[in-house]
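None of these values were measured; they are calculated from a predicted model.
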Amino acid sequence: MTEITNRIGTHSQKSAVGASPYIFTIFLSAGLIFLVQPMFARMALPVLGGTPAVWNVSLVCFQAALLIGYIYAHLLVKLKSVLKETIVHGAVLLAAALVLPFGLTDMLGAPDVSSPTLWLMGVFAISIAPPFAAISATAPLIQSWYSRSGRHDAADPYHLYASSNAGSLLGLIAYPVVMEPLLPVADQTFSWSIGYGVLAAALLGCGFLASRTGRGVEGVAAIEASPEAEMISDNGLLLQRLKWLGLAFIPSSLLVGATTHIATDVASAPFLWAPPLIIYIGSFIVVFSSAGPSSLQLSSRLLPLAIGIVLLGIVLPTNLPIALLFIMDIIALAFAALVCHGIMAKTRPHAGRLTEFYLVMSFGGVLGGSFNALLAPIMFNSIIEYPIMLVLALLAREGFIRLPEERREKLFLGASISVAMLGILTLLAKIELPPNLDFALLMIPFFTLIIIRNNKLAAFVAAASMAIGGGGLFAYKSNEITSERSFFGVVKTVTTDKERVMFHGTTIHGAQLLEFDSNPPPISYYNEVTPLGQIFNEWQDAENVAVLGLGVGSVACLLGENQKATFLEIDPLVAKVAADPSLFNYLSHCGQNSRIVLGDGRFALLDDPEEYYNLMLFDAFSSDSIPVHLLTVEAFETYFSRLSEGGLLVVHISNRHVDLRPMIGRLANHLGVEGRVRTFFTEDIPEHEFVKSSRVVVLARDEEHLGPLLGDDRWLPLKSDGRRLWTDDYSNLPGAILHNLNYKGKAEN
C-alpha cells in the first residue's frame, strides 16, 4: 500500500496543470446538456400545440439518452486504459457530430395527434440523441479518468460533480434569459454545435492528460476497488442499488409533476420549465458539498410541512394565485430533492464503483420521469401522480419505519385515518357535509403530519389521509361527472344545478344549460351579449367560417343556415367530449354544416385554399396557457392568407395572467391591418347569470371591413406597445408578462 501511495505522489507532481482541464470540461459538458434540453422542446412546441406534455416527454427522452451515455461510460472504463478509452470516445464524438447543427427531422412527417408521444420520441432519437448521449458520458468518464490521473485527490473524484451541476445551472438559466430572447433558433443550434466541438477537444485533451500523468499507476480506483475497501454481500449490493433507484425515482417524478402543475395554467415555455429543473439540479450541488449533511437534516425536518401545504393547495376546491402555487411547488420539490439526493450522496460508493453509481442514479431518474410523462396519462384520468409522489417522498427520509409508541401519536394517527375513511364514505354515498366541516376535518391530518412528523410511518399515513380524505370530502363541491386525460391535458365535465361545464385544466372551455334538449342557446363566452356573440350575429353572411379551438362546440349554434364551419382542434379528447350528445348537444343539434379537423389549427389551415374563409375565430387556449406559436408573425400571415379580402379575423384573448392586446397590436401594425378590441365584464349585465367576462380583438385588412363595429363605442382602437414582434425564431414570454404588468394598468379598459 505504501509503495503504491508513494507512486501516486510521484505522478501527482507531474500533474502541474492541476484539475482545471477536468473542471472546465465537465462544466462545459453540463452546460451544453442543459442548454439543449429547453432548446429542443422549444422547437417541438409549435407542432404539438404548445402543451406542457411536450416538455415532459422531451425531458424523459433526454433522461433516457443520459442513461445511455452513462451505460456507455460504464462499459468504456472496463478497457482499463485511459488512452484506449480516449481514442474510442473520440471516434464516438466524431460520429455523433454528423447530425449537427441539429433541427427537427422531417423523416417522420407531420405528428399524428392520436399518438404524438411516439412521434416526439422518434424525432428526438433522430435529431439530437446521438450527440447528446455522447456528451452525457462526460461526467462519469472525466471522474473515472481523474481517479486514475495520479493526482493527490484522485481518491474522491465526486467533488467534480459540483462543477458538473454548476454548469447545468448556468445552461438552464442562460437559455430562457439569454439565448431564447436574443437569438433566433437557427443561431441557437449553430452556437450549440460550436460548443460541442470545443467540448470534444477538451474531452480528448483530458483523456490524453490523464493517460500521461497516470501512466504506470494502478491508481486510486484500483486501491479503492479492492475487497478491503468495501465489504458488501451480494444481497447488500442489490439492496443498495434498489435504494439508490428509489431515491432517484421520487425527485425525478416530482420534477415533472411540479413542472406540469405550474405550466398548465400559464404557458409551456422555457422560463417556466427552468426553475423546477434548477432546483432539482441545485440539490445535487448542495448534497455533494460540505453543506450536504446539514442540508439533509434540515430538509428532513421541513419536508412534511412543505408537502402538507402543497396537498392543501391540491385538494381544496379553490383557485389559489398562480404565484403562490409556484412557490409552494418549488419549495416542496427542493426539500424532497435535498432529502433523496442527500441520502444518495451520503451512501455513495468508492471511486471503483463510480460509474455504477451514476448509472443506477440515472436509471432511477428515467423511471421517475417516464412514470409521469408516459405511464400516468394512461393509468390515471386526472393528474394524481403528483400527490402520490409527494406522499411517498415522506417515506424516503432516513430512519426506521415503526409504529407510533406514544399515546398522543396514536390518537392523532387514528383521527387522520378516520378522516380518510370518512372522505371515502362521503364520496361513495354522495353525502354533502355542513358548511366548513369538510375544511375542519381536513385540518386533522394536516396538523397530525406536522406534530408527529419525526415518525416516518406516521407522517406518511397522515399525508395519505390528507390526500384521500380531502379528495372525498370536497368531491361533492366539484360535481364532476367525467374526467379523461390525453397528451394535451385533462378534460373534465362538471354539472351544477343548471349547467354542464367543460374544463381544460382549470379554465372553462364551454358550457351548456341543462334545461335545453334541443337548440341550446350558447352561454359563457358565446352568448349574444358577449363580444363573440355580437360578431357572429353581425356576420351572418360570412359563408365559410373557421374556428381554431372547438371547446364544446358552442359556435355551431351561432351560425346561420347558410354558414359552414370548420372546427380545427388538436386534442382528440376535446372533440370526443364535445360530440357526445349525453354531455353537450351543440354539435348534434346545430352542427349539420360543420366539420371537425384534428390537428394544430395553424398548420391545418394550410390544407385549405387561399382566401377561403370569410370569418375566422382563434380560440385555442389550453387552460390559460399562452400558445406562443399561434401569436407569431408567420402564424398571422397564415391566417390572413386563408382569409378572404373582406374577411374578419377574431382573436379571443381572455387570460388571467397576461394582457395580450399590445402583442396583437404589434402584429396589426406590422401587417398593415385595422384592429379593434372589446373588453366585456359580466358585472355590467348582472341579469345574465351564465355569461363569462371576455376580451376579444378583431382584425381586418381595411377599416371598412369592420362594418358595424366602427360605430360601436365599446370597440376601441387596438394599440401597439412598439416592442419587438414575435416570430417563429424569436419569442420572449417572460418579458411579455413583466411588460404587460405595467401596460395593463395604463391601457384603456
Side-chain angles (χ1 to χ4, degrees), residues 37-64 104 108 110-125 127 252-274 276-277 329 365-386 389 483-492 503-507 509 549 569-577 598-603 620-630 733:
Q37 293 187 37
M39 191 185 302
F40 172 81
R42 160 71 174 79
M43 295 167 66
L45 269 179
V47 292
L48 289 171
T51 174
V54 171
W55 170 244
N56 295 344
V57 175
S58 297
L59 189 60
V60 172
C61 289
F62 281 109
Q63 288 176 320
L104 295 185
L108 302 181
D112 181 356
V113 294
S114 63
S115 56
T117 298
L118 293 177
W119 179 88
L120 182 57
M121 294 172 70
V123 169
F124 169 83
S127 301
S252 177
S253 174
L254 286 175
L255 166 65
V256 179
T259 306
T260 302
H261 200 219
I262 293 166
T264 296
D265 286 325
V266 181
S268 187
F271 83 102
L272 285 176
W273 302 335
L277 195 50
D329 288 329
V366 172
L367 292 178
S370 299
F371 172 70
N372 281 60
L374 305 180
L375 291 181
I378 299 172
M379 297 169 59
F380 308 126
N381 284 333
S382 60
I383 305 176
I384 64 171
E385 66 273 12
Y386 184 42
M389 224 31 69
S483 178
E484 297 185 74
R485 188 172 179 180
S486 72
F487 178 85
F488 302 96
V490 176
V491 177
K492 297 180 180 181
F503 283 89
H504 200 292
T506 60
T507 298
H509 266 222
E569 174 58 52
I570 195 170
D571 190 347
L573 181 54
V574 170
K576 172 188 170 184
V577 173
L598 292 178
D600 184 272
R602 169 182 169 180
F603 301 105
F621 288 84
S622 172
S623 288
D624 277 290
S625 182
I626 300 166
V628 173
H629 72 290
L630 298 179
L733 190 53

*asked:* Please evaluate residues F62 and V366 with respect to the criterion side-chain contact (heavy atoms from CB on, under 4.5 Å), reporting the C-alpha separation (whole Å), side-chain torsions for both, the decisive distance (0.1 Å), and the verdict.
replied: CA-CA 9 Å; F62 281 109; V366 172; over 6 Å; no
For [X] and [Y], which heavy atoms make the closest approach, and how far apart are they?
{"X": "F487", "Y": "V54", "result": "CZ-N, 4.1 Å"}
{"X": "S370", "Y": "V60", "result": "OG-CG1, 3.3 Å"}
{"X": "W119", "Y": "A110", "result": "NE1-C, 3.8 Å"}
{"X": "A575", "Y": "E569", "result": "N-CG, 4.4 Å"}
{"X": "S486", "Y": "D571", "result": "OG-OD1, 3.0 Å"}
{"X": "A373", "Y": "N56", "result": "CB-O, 3.7 Å"}

- request: Could you give me the CA-CA distance, side-chain angles and deciding distance for S58 and F40, then say whether side-chain contact (heavy atoms from CB on, under 4.5 Å) is met?
  value: CA-CA 8 Å; S58 297; F40 172 81; 3.9 Å; yes
Spatial distance of atom [atom1] ([X]) from atom [atom2] ([Y]) [nearest 0.5 Å]:
{"X": "L104", "Y": "M43", "atom1": "CG", "atom2": "CE", "result": "4.5 Å"}
{"X": "F124", "Y": "Q37", "atom1": "CZ", "atom2": "CD", "result": "8.0 Å"}
{"X": "M379", "Y": "F371", "atom1": "CE", "atom2": "CZ", "result": "5.0 Å"}
{"X": "L254", "Y": "E385", "atom1": "CG", "atom2": "CD", "result": "10.5 Å"}

Are any of the side-chain heavy atoms of [X] and [Y] separated by less than 4.5 Å?
{"X": "F488", "Y": "V574", "result": "no"}
{"X": "L255", "Y": "L59", "result": "yes"}
{"X": "C61", "Y": "L120", "result": "no"}

**Asked** Can you tell me if S253 uses its side chain to pair, donor with acceptor, with the backbone of G369 under 3.5 Å?
**Response**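 Not at all, since once roles are kept as given, no pair shorter than 3.5 Å links the two residues.
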Worksheet entry | Between S483 and N381: side-chain donor-acceptor atoms closer than 3.5 Å |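 Distance-only check fails for S483 and N381.
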Verify the distance criterion only: is there a donor paired with an acceptor across the side chains of N372 and Y386 at less than 3.5 Å?
->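 Absent: no donor and acceptor within the cut-off.
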**OP:** Please report the C-alpha distance between R485 and I383 in whole Å, then the side-chain angles of each, then the deciding distance to 0.1 Å, and finally whether the side-chain contact (heavy atoms from CB on, under 4.5 Å) criterion is met.
**Re:** CA-CA 8 Å; R485 188 172 179 180; I383 305 176; 3.9 Å; yes
- Flag the pair E484 and K576 as a salt bridge only when some basic side-chain nitrogen lies within less than 4.0 angstrom of an acidic carboxylate oxygen. yes
Would S252 and Q63 count as a side chain to side chain donor-acceptor pair (under 3.5 Å) if you check the C-alpha gap in whole Å, the side-chain angles of each, and the deciding distance to 0.1 Å?
-> CA-CA 10 Å; S252 177; Q63 288 176 320; 3.0 Å; yes
